[in-house]
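The structure under discussion appears below in the form of structure tokens.
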Amino acid sequence: MPQRPKLVLVGQLSTLPWLFDAAERAGVDLILVPRGDDSAESALRPDAVVELLPLDIYGDPEGALSMLADRYRREPFDGIMAGNEQVVPFVARAAQELGLTGLTEEAANVVRDKRSMRRRLLEAGLGVPGFVVIEDPDGWTDALTLRFPVVVKPANGHSSFGVIRVDDKDSLEQAVARTWKIVEGHQGAAVGSASAVGVLVEEYLDGPEISAESLVHHGKVRVCAVSWKGEMTGPYFEETTLRAPAQLPAEILAAIEAEVIGAHRAFGVTEGTTHTELRLVGGVRPVLLEMGARIGGGGFMHHLVQGSSGIDLAADALRIHLGREPLCWREEPAPAGHAAAYLVPVGSGGRISRVRGLDAVRTDPQVDHVVQTVGPGALLQPYPDWSGYPAIVLSHHESDAAAEAFRDHLARTLHVEYEEQG
Ligand code: ADP
Ligand code: CA
């Protein structure tokens, strides 16, 4: 019998099941490089995980790389894949040094930085809002030339932390200072490289938000699903809901696809899976917000893809990182139905005691997964800062209308309760 392929999965939180389940379906063994906040006990729990390989990627990237190379020399593995946004450049570098499938380091660095993504899109003639890069807090006056409203955001943030809509010029200085402070707070806590600091101010793209999940293999891109995120007008942009497939006319879907494929080319993203966010300006014209060169939402975007298009996104992503062709290149899956995700809003923030209403949701036949990544006692910051999602509910439905009605039901019944302030 041929040996099962082995893949190093870097920084995937073990409590998020989708990639681990996909590895079992695809017959892949995982060597997990646990995230710093994961426990060894939890990291070993998924059946697909055959080995743990702790690496200090942030503190000692060179040491981490040489430990990985040592492990490879002892017994070669067949692929490596990023499980979160921050490790994308490290994984690209490791793949290149070991001769495995992956991104070039250049592409990995482009997609880790919103400034370089904006520049690349502009050069490629794709849709880009007016934008100004601010390299130090006093540079905010450079952005006064933009058309307001604008959005102030970290050059390489995530989860919308530090993202603030500003309607008039008088409020800009304060917003830039606030975002700067939040960026510095997150820097101290986690990753650190000088180029990571920086703030972007860009013109507000007025229209609903969507996301596109893609597979890319040898440079060929397939947009597997487009999800509807709805109208988010700020001033902060907490994500709460996604539904797939987005109910859009064929010509708008084609325009989204063209923009997403063009962005892969502009960024040089040729292998793996991607999560691209766009706005539909005026409800019709797709403009990119950003792309992550990894599976979206820690893997939960797999649920939206498989639940709508029928494509096994997570398993095909693993295949690509093993140097294989994704199955959906040859076999057209039957469209599955409608899928949805609901992220319980943080609300006021504080020390979480529980999420009220969650027990009833768990037994609902439309619900497939309820994930809680922060336990009781964890301190959650309200937006525009961020420190975790209280809970994520993934469901399937017979129609988009049913998915929307369920979202409204969850919004009415699920609430985070915080401990009383002492
Ligand atoms: P992050 O990495 O924090 O997710 P994004 O660029 O995706 O950063 O911004 C977070 C959210 O802020 C987006 O999902 C969107 O709702 C909003 N946003 C960011 N930039 C713009 C813009 N130029 N116009 C309108 N909304 C924006
Ligand atoms: Ca985003």
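Remember, it's 1-based here, ligands and their atoms both numbered in the order they're listed.
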Do NZ/NE/NH1/NH2 and the carboxylate oxygens of [X] and [Y] come within less than 4.0 Å?
{"X": "E106", "Y": "R120", "value": "yes"}
{"X": "E202", "Y": "K114", "value": "no"}
{"X": "R319", "Y": "D316", "value": "yes"}
{"X": "R354", "Y": "E419", "value": "no"}
{"X": "E135", "Y": "R115", "value": "yes"}

The answer for which part of S159 has a heavy atom under 4.0 Å from ligand 1 is backbone
Quick look: R279 vs ligand 1, heavy-atom contacts under 4.0 Å, and the answer is side chain
For the Ca ion (ligand 2), the nearest N/O/S atom on E290 is atom OE2
Atom name of the N, O or S atom of E277 nearest to the Ca ion (ligand 2) is OE1
Just to confirm my output: which protein heavy-atom neighbour is closest to [atom], and how far is it?
{"atom": "atom 19 (C) of ligand 1", "result": "K153 NZ, 3.4 Å"}
{"atom": "atom 4 (O) of ligand 1", "result": "E290 OE2, 3.1 Å"}
{"atom": "atom 14 (O) of ligand 1", "result": "E209 OE2, 2.4 Å"}
{"atom": "atom 18 (N) of ligand 1", "result": "L289 CD2, 4.0 Å"}
{"atom": "atom 23 (N) of ligand 1", "result": "E202 OE2, 2.8 Å"}
{"atom": "atom 2 (O) of ligand 1", "result": "K114 NZ, 2.6 Å"}

Can a cation-pi geometry be assigned to R165 and Y236, taking NZ or CZ under 6.0 Å from the six-membered ring centre and within 45° of the ring axis?
no
The reported gap from OG in S308 to NE2 in H397 (rounded to nearest 0.5 angstrom) is 12.0 Å
One should read off an interatomic distance between H275 NE2 and E85 CD, to the nearest 0.5 angstrom, of 9.0 Å
Regarding ligand 1, does [X] bring an N or O atom to under 3.5 Å of one of the ligand's N or O atoms?
{"X": "S160", "value": "yes"}
{"X": "V163", "value": "no"}
{"X": "L205", "value": "yes"}
{"X": "Y204", "value": "no"}

Under 4.0 Å from one or more heavy atoms of G157, ligand 1 contributes atoms 2 (O)
For E277, the ligand 1 atoms with a heavy-atom partner under 4.0 Å come out as 7 (O)
Practice problem: Go through the steps to decide whether K220 and E325 satisfy the test salt bridge (Lys or Arg N to Asp or Glu O under 4.0 Å), and finish with yes or no. | Solution: CA-CA 11 Å; K220 181 178 150 193; E325 189 180 81; over 6 Å; no
- Closer than 4.0 angstrom: is that true for some heavy atom of E203 and an atom of ligand 1? yes
Of L53, V91, L30, V28, the one forming a side chain to side chain contact (heavy atoms under 4.5 Å, CB included) with L9 is L30
Are there more than 12 heavy atoms of other residues, nucleotides or ligands under 6.0 Å from atom CD of Q174? no
